[in-house]
Student: 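To start, I am sharing the structure in question, which I have written as structure tokens.
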Amino acid sequence: MKKIAVFTSGGDSPGMNACVRAVVRTAIFKGLEVYGIYRGYEGMIEGDIRRMQSYSVSNIVQRGGTILKSARSQEFRTPEGRKKAYENLKEFGIEGVVAIGGDGTFTGAKIFFEEYGIPTVGCPGTIDNDLYGTDYTIGFDTAVNTALEAIDKIRDTAAAHDRIFFIEVMGRDAGFIAVESGIGGGAEFVMVPETKTDLNQVVKSLKNPRKSKSSSIIVVAEGDDEGNAEVIMQKVKEKVNNKNKDFKVTTLGHIQRGGNPTARDRVLASRCGMAAVEGLLSGHQFHMAGVVNQEIRYTPFADCIGKTKPLNPDHLKLIDILNI
Ligand code: F6P
């Protein structure tokens with residue numbers, strides 16, 4: 001293998017740049033030519049592919065976002081789109097690819113690279129932490145810390161006004177951000193898509209004069225089965241039916257996707273980037289390079305996207321115990 005390419009795809013996450021840097025520099029260290037594909041699968045289809053040198057990735061290890069840009073490509077879902085992408089890779093003589101992204105990215109990679117046989121190794125880049133085959137994903141730690149900072153600030157004003165705040169964090173299908181920011185931020189309740197939400201428990205607690213605190217923080221993952229934070233707040237408010245209680249909603253949204261990556265994310269990203277290039281060279285054709293129990297582990301794409309990474313039950317227990 002002499003020429004490889006790297007791209008970032010799907011929702012960006014802090015640390016993607018550190019990962020691109022590690023891929024580019026490891027490739028050069030190993031004597032390979034390396035190319036950057038811009039805007040994920042969109043750029044692959046359009047042929048937006050550029051040679052990268054060591055200096056192309058200078059001064060990016062600390063930056064959020066992705067210098068290669070990202071996209072969610074509809075055209076790549078079609079066989080015609082994937083054919084165009086293949087022709088572009090062929091024209092550039094690309095023999096191996098590193099894909100940095102989440103489950104959508106790996107689903108596309110699995111179909112495409114099995115169709116056309118170009119070896120691909122993935123790096124887990126998503127704030128959601130919902131990929132099987134790695135303890136943490138690149139960007140998760142930064143996103144949790146961003147959410148935590150916001151929760152701390154909201155707690156100040158919530159306490160000052162004796163208000164009940166529902167804080168919505170990202171996570172359409174996964175509650176990892178909600179759980180960790182909820183524990184760290186001392187939330188009374190955390191609502192996640194993985195478990196059935198019992199609003200009556202929240203209502204009971206808010207109505208119980210002995211248990212009721214003057215202010216409360218409830219963290220809601222955007223994909224909770226009872227709805228988003230606004231919907232849940234309205235349902236709870238109606239059931240509590242107490243004019244003296246003041247309910248508020250804050251949706252943190254895309255603020256969680258940006259910012260300088262934490263040390264943990266930069267180290268994880270750098271390790272996975274290096275491992276991805278080494279994986280390509282050692283024949284791990286359709287795998288993701290993740291870190292499990294401190295060690296690099298290569299997991300087949302089929303498992304990364306097919307198996308569910310469960311929330312840690314100890315974390316859920318902790319929230320219940322600490323909210324007494
Ligand atoms: O997958 C990462 C993520 O940030 C999810 O948490 C969120 O639901 C989604 O992306 C938002 O996607 P978009 O930025 O395309 O609206």
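Just so you know, residue 1 is the first one in the sequence shown, and it goes up from there. Remember, it's 1-based here, ligands and their atoms both numbered in the order they're listed.
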Student: Tell me which protein heavy atom sits closest to atom 6 (O) of ligand 1, plus the residue, atom name and distance to 0.1 Å.
Tutor: Asp128 OD1, 2.7 Å
Student: Are Val97 and Val23 linked, directly or through other ILVMFWY residues, by side chains that come within less than 4.5 angstrom of each other?
Tutor: no
Student: Between Gln256 and Ile127, what is the shortest heavy-atom contact and its length?
Tutor: O-CG2, 4.0 Å
Student: Flag the pair Arg39 and Glu46 as a salt bridge only when some basic side-chain nitrogen lies within less than 4.0 angstrom of an acidic carboxylate oxygen.
Tutor: yes
Student: I'd like the name of whichever of Gln256, Met170, Arg257, Glu222 reaches closest to atom 8 (O) of ligand 1 through any heavy atom.
Tutor: Glu222
Student: Which pairs would a plain distance check flag for residues 290-301, meaning a side-chain donor or acceptor within less than 3.5 Å of a matching protein atom at least two apart in sequence or in another chain?
Tutor:
from   : atom 1 : to     : atom 2 : distance (Å)
Tyr298 : OH     : Ala275 : O      : 2.7
Tyr298 : OH     : Gly279 : N      : 3.4

Student: Note the single closest protein heavy atom to atom 15 (O) of ligand 1, along with its residue, its atom name and the distance in Å.
Tutor: Arg72 NE, 2.9 Å
Student: Numbering the atoms of ligand 1 from 1, which are under 4.0 Å from a heavy atom of His254?
Tutor: 13 (P), 14 (O), 16 (O)
Student: Identify, with sequence neighbours excluded, every residue that meets ring-ring contact (aromatic ring centres under 6.0 Å, His included) alongside Phe29.
Tutor: none
Student: Strictly under 4.0 Å, does any heavy atom of Gly102 approach an atom of ligand 1?
Tutor: no
